[in-house]
Each structure stands twice: as C-alpha cells, then as structure tokens.
Amino acid sequence: MSRVTQIRTLIALVGGLFSALAFAKPVELDDISRKEVAERIAPLGSVCLEGEDCAANAGATASTASGPRSGEQIFNQFCTACHTSGLLGAPKKGDKAVWETKLAAAGDFSKLLGNAIKGVGSMPPKGTCGDCSDEEISNAIEFMSGLKP
Ligand code: HEC
C-alpha cells in the first residue's frame with residue numbers, strides 16, 4: 001500500500017467510526033435513561049429489606065407531625081427526575097398546554113391523580129414516591145401542572 005492509500009484507508013475507517021457513533025448515540029442515551037430510572041427506583045425496593053420496622057416507619061413519616069409535604073418538596077425530590085426534562089415522554093413542569101391535554105384525556109383531575117398513583121405508561125406508581133400520601137401526590141401535580149384539584 002502506498003502512503004496515500006494508507007491515509008485514505010485511515011480516513012475511511014475514522015469516518016466510518018464517527019458515523020457508527022452517530023447512529024449508535026440515541027440507543028446509548030436510551031440505555032442511560034433506562035439505567036437512571038432503574039437506579040432511582042431501586043432504593044425503594046431495598047429499603048424494606050434492611051430492617052423489620054421500615055414499612056411502619058415509612059408510613060409514619062408520611063402521616064406524622066408536620067402534615068402533608070408541599071407539592072414543591074415532593075416535586076423536587078421525586079418528580080423532577082422525569083418531569084423537568086421530559087424524560088421518557090413525561091409532560092414537563094409548567095407546560096400548560098400539554099397538561100391541559102392530559103387533563104382532557106384523563107377526564108378530570110381526580111382521574112389524572114388516580115393515574116399518577118397507579119402509574120401510567122412509563123411512569124412508575126406514585127412517580128417513585130412510595131411513601132407519598134394521595135394528598136402529597138395531588139400537591140405535586142398541582143405544583144408542576146398549574147391545574148387545580
Ligand atoms: C420515572 C419517570 C417519572 C417520574 C419519577 C415521575 N413521572 Fe409522572 N409521568 C412520567 C411519564 C413518562 C408520564 C407520561 C405517561 C404517559 O402518558 O404514557 C407521566 C405522566 C404523569 C401524569 C399524567 C398522567 C395522565 O393521566 O396523563 C401525572 C399527573 C404525573 N406524571 C405525576 C407525577 C408525579 C406527581 C410525580 C412525582 C411524585 C411523577 N409523576 C414522577 C414519568 C415519571
């Protein structure tokens with residue numbers, strides 16, 4: 001091989017590599033999102049393997065002393081993972097038009113709330129806030145959608 005041919009071959013190889021990467025990228029991102037979601041959901045499952053009282057404690061934190069947590073608190077701790085960026089197609093915080101569509105599709109606010117509690121599409125039940133009361137989920141929906149219960 002002449003030097004020119006070698007260089008051409010090299011350029012072709014590098015070019016091929018870049019286009020392969022370009023095609024592979026969405027798949028990688030998708031895998032990362034899935035991993036992220038799995039990681040965020042995982043601790044919920046492990047909490048109760050560690051101690052016998054944990055289920056009782058989780059219930060207690062949700063319902064004692066300080067009363068229901070605000071929508072902002074719940075959102076920032078749990079919902080933001082998907083509802084800020086629109087991960088997995090989640091309706092974004094403050095995207096009023098999309099939220100109106102979701103509300104219309106569900107029927108009314110209580111149905112929307114019911115879907116969030118049960119889980120809907122790629123959204124896990126209670127948006128990964130396992131110890132959230134229905135009221136706290138409702139607060140979080142109100143906070144991110146601007147819709148009123
Ligand atoms: C793991 C990502 C994820 C997290 C965390 C998450 N959501 Fe979602 N959520 C989604 C996705 C995806 C959708 C769209 C589901 C669909 O329409 O298929 C959605 C849709 C919704 C809807 C609309 C339901 C409907 O009937 O259309 C509500 C309400 C909602 N989420 C509330 C919440 C609340 C409240 C939290 C936090 C406590 C939360 N979500 C956390 C992914 C998430």
Side-chain angles (χ1 to χ4, degrees), residues 10-149:
L10 193 66
I11 290 170
L13 281 175
V14 171
L17 193 66
F18 273 118
S19 37
L21 281 176
F23 281 114
K25 213 170 174 201
V27 177
E28 279 172 21
L29 278 182
D30 208 36
D31 285 348
I32 289 166
S33 319
R34 276 179 218 286
K35 218 178 125 206
E36 235 177 54
V37 171
E39 278 167 6
R40 284 180 202 276
I41 296 168
L44 282 179
S46 58
V47 169
C48 282
L49 295 175
E50 289 168 15
E52 282 167 19
D53 293 338
C54 56
N57 284 343
T61 17
S63 57
T64 44
S66 50
R69 289 163 289 182
S70 73
E72 185 173 6
Q73 262 179 299
I74 301 295
F75 178 83
N76 288 334
Q77 200 176 343
F78 299 97
C79 322
T80 184
C82 300
H83 286 274
T84 293
S85 63
L87 186 69
L88 305 172
K92 289 190 202 172
K93 175 180 182 299
D95 199 342
K96 205 156 189 344
V98 174
W99 280 107
E100 296 287 355
T101 315
K102 292 284 181 191
L103 180 68
D108 58 23
F109 190 93
S110 70
K111 300 257 172 51
L112 205 65
L113 174 61
N115 289 343
I117 291 169
K118 284 184 309 223
V120 54
S122 312
M123 175 167 153
K126 293 192 173 184
T128 70
C129 181
D131 74 348
C132 270
S133 65
D134 293 359
E135 188 180 354
E136 288 171 328
I137 297 290
S138 172
N139 290 348
I141 297 173
E142 193 178 346
F143 176 76
M144 73 169 125
S145 68
L147 300 169
K148 298 274 170 223

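In each ligand, atom 1 is the first atom listed, and ligand 1 is the first ligand listed. None of the values given here were measured: they were computed from a predicted structure.
- The part of Pro91 lying near ligand 1 is the side chain, judged by heavy-atom distances below 4.0 Å.
- The atoms of ligand 1 that sit less than 4.0 Å from any heavy atom of Ala140 are 35 (C).
- Nearest approach of Ile117 to Ile137, heavy atoms of both residues: CG1-CG2, 4.3 Å.
- Using a cut-off of 2.8 Å, one finds that Cys82 contributes no N/O/S atom close to atom 8 (Fe) of ligand 1.
- Here the shortest heavy-atom distance to atom 17 (O) of ligand 1, taken over Met123, Glu142, Lys102, belongs to Lys102.
- Between Lys92 and Val98, every side-chain heavy-atom pair lies at or beyond the 4.5 Å cut-off.
- In terms of heavy atoms, Pro125 sits closest to Lys118 at CG-O, 3.5 Å.
- In Ala105, neither the side chain nor the backbone holds a heavy atom less than 4.0 Å from any atom of ligand 1.
- Ion pair Arg69/Asp131 flagged as a salt bridge, since at least one NZ, NE, NH1 or NH2 atom sits closer than 4.0 Å to an Asp/Glu carboxylate oxygen.
- Shown here for Met144 and Cys79, the closest heavy-atom pair between the two residues is CE-CB, 4.0 Å.
- Closest approach of Leu113 to Ser138, counting heavy atoms only: CD1-N, 3.6 Å.
- Atom numbering of ligand 1 starts at 1 in the shown order; those under 4.0 Å from a heavy atom of Gly121 are 18 (O).
- The nearest non-hydrogen atom to atom 11 (C) of ligand 1, considering only Ala81, Cys79, Ala90, comes from Ala90.
- Close approach of ligand 1 to Lys126 (heavy-atom distance below 4.0 Å) involves ligand atoms 38 (C).
- Contact atoms of ligand 1 toward Val120: 15 (C), 24 (C) (distance under 4.0 Å to a heavy atom of the residue).
- Every residue two or more places apart in sequence or in another chain that forms a salt bridge (Lys or Arg N to Asp or Glu O under 4.0 Å) with Glu100 is listed here: Lys96.
- The distance from ligand 1 to the heavy atoms of Ile141 drops below 4.0 Å at these ligand atoms: 29 (C), 35 (C).
- At least one heavy atom of Met144 sits less than 4.0 Å from an atom of ligand 1.
- Annotation: Trp99 places no N or O atom under 3.5 Å from an N or O atom of ligand 1; distance criterion only.
- Taking every heavy atom of both residues into account, Glu142 and Phe109 meet most closely at N-CZ, 4.4 Å.
- Taken as a pair, Cys129 and Cys132 meet the criterion of an SG-SG distance shorter than 2.5 angstrom.
- Contact atoms of ligand 1 toward Phe78: 5 (C) (distance under 4.0 Å to a heavy atom of the residue).
- Counting the atoms of ligand 1 from 1 in the order shown, those under 4.0 Å from a heavy atom of Asn115 are 25 (C), 26 (O).
- In terms of N/O distances under 3.5 Å, ligand 1 is not approached by Thr128.
- Between Asn139 and Ile74 the shortest side-chain heavy-atom distance does not fall below 4.5 Å.
- Taking every heavy atom of Leu88 and a limit of under 4.0 angstrom, the matching atoms of ligand 1 come to 12 (C).
- Taking CZ of Phe143 as the start and NE2 of His83 as the end, the distance is 13.0 Å to the nearest 0.5 Å.
- Backbone and side-chain nitrogen or oxygen atoms of Ser122 are examined, and none is located within less than 3.5 angstrom of a nitrogen or oxygen of ligand 1.
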